[in-house]
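For reference, the structure is listed below as structure tokens.
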Amino acid sequence: MILQDLHIHSKYDDGRGSLMEIAEAAKDRGLCSVGFSGHSPLPYENDWSMSWDSFHAYMEEGRKVKESMGGELDVYLGIEYDVISDLELSGFDYVIGSVHHVMDGEEPISIDDTLEFFEEACTRFGNVEKLVEAYYETVGQLADNPYVDIVGHFDIITKFNERKCLIDTDGEAYVAASKSAMKKLVKAGKIFEINSGAVSRGYRTEPYPSKALICELHKMGGRVTITSDAHSLDGLCYGFEQAKVLARECGFGEIWQLIDGKFQAVEL
Ligand SMILES: [Zn+2]
Ligand SMILES: [Zn+2]
């Protein structure tokens with residue numbers, strides 16, 4: 001595999017550094033290519049996604065960095081698209097589709113903000129099983145979006161599970177809901193990221209998705225890539241060795257990477 005990171009945040013959302021600073025750091029660390037994936041603007045005020053103003057500035061700097069890095073580093077301008085965003089998706093080099101909310105009627109409810117919010121969301125939906133079901137139902141809908149290339153942090157609903165056992169991930173309801181979404185996404189040809197972001201930020205000791213789900217994905221004939229979900233320069237390519245070992249242990253011999261503008265299989 002080539003050294004590439006496609007899930008990176010910057011000063012335009014809740015990450016750090018300009019896109020040029022990120023590209024320079026990537027080049028210094030020997031990456032072959034880098035992809036920016038700012039959080040798409042959301043229809044409500046928040047402190048983590050790009051506003052429309054910062055989105056336009058992000059696109060402008062992204063285009064400049066692509067041009068100025070020339071042959072030294074391949075730079076891709078992507079987006080981490082949240083399903084509740086109404087951003088038009090045709091102009092990106094690639095799209096990571098992510099679910100950070102489930103809808104309660106017309107109201108988006110965040111599922112990965114804080115443990116307290118998560119517990120509140122469980123109460124709103126009746127119980128944790130119902131929230132899990134609504135979450136995976138929403139994740140499965142990414143299959144219908146032709147612009148989505150990569151499924152972001154497939155099981156982020158378990159973000160707080162290591163701190164407090166909230167979801168029985170071996171239970172029948174969880175397994176059925178997660179498998180059903182996975183099946184749809186595999187059938188639609190989506191690539192799943194093995195994402196180390198929650199490890200680097202101290203929420204989890206293992207990347208998303210869980211080992212059980214990565215093994216299931218392999219059985220279903222799914223495809224994987226490896227990303228960091230970096231929110232700072234230190235996070236670039238964080239935990240890639242651990243992710244590679246995990247992918248191999250689950251049976252994968254190749255991963256999918258963006259090379260010459262196309263996703264291609266590369267030996268792991
Ligand atoms: Zn995300
Ligand atoms: Zn992200």
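Numbering of residues begins at 1 and proceeds along the displayed sequence. Predicted, not measured: the structure shown is a model, and the values here were computed from it. Order of appearance sets the numbers: ligands from 1, and atoms from 1 within every ligand.
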Open item on the list: Quick one, Val99 with Phe154, criterion side-chain contact (heavy atoms from CB on, under 4.5 Å). Give me CA distance, side-chain angles, the key distance, then yes/no.
Closed with: CA-CA 8 Å; Val99 175; Phe154 177 71; over 6 Å; no
TODO: Mind reading off the angle at the Zn ion (ligand 2) between the NE2 atom of His7 and the NE2 atom of His9, rounded to 10°?
DONE: 110°
Task: Side chain Tyr208, main chain Gly152, donor-acceptor under 3.5 Å - done: no
Open item on the list: Under 2.8 Å from the Zn ion (ligand 1), is there any N, O or S atom belonging to Glu80?
Closed with: yes
Open item on the list: Checking His153 against Glu193: is there a side-chain donor and acceptor pair closer than 3.5 Å?
Closed with: no
Open item on the list: With heavy-atom distances below 4.5 Å as the criterion, would you say the side chains of Tyr147 and Tyr81 are in contact?
Closed with: no
TODO: Tell me whether His100 has at least one N, O or S atom under 2.8 Å from the Zn ion (ligand 1).
DONE: yes
Open item on the list: Looking only at N, O or S atoms in Asp229, which is nearest to the Zn ion (ligand 2)?
Closed with: OD1
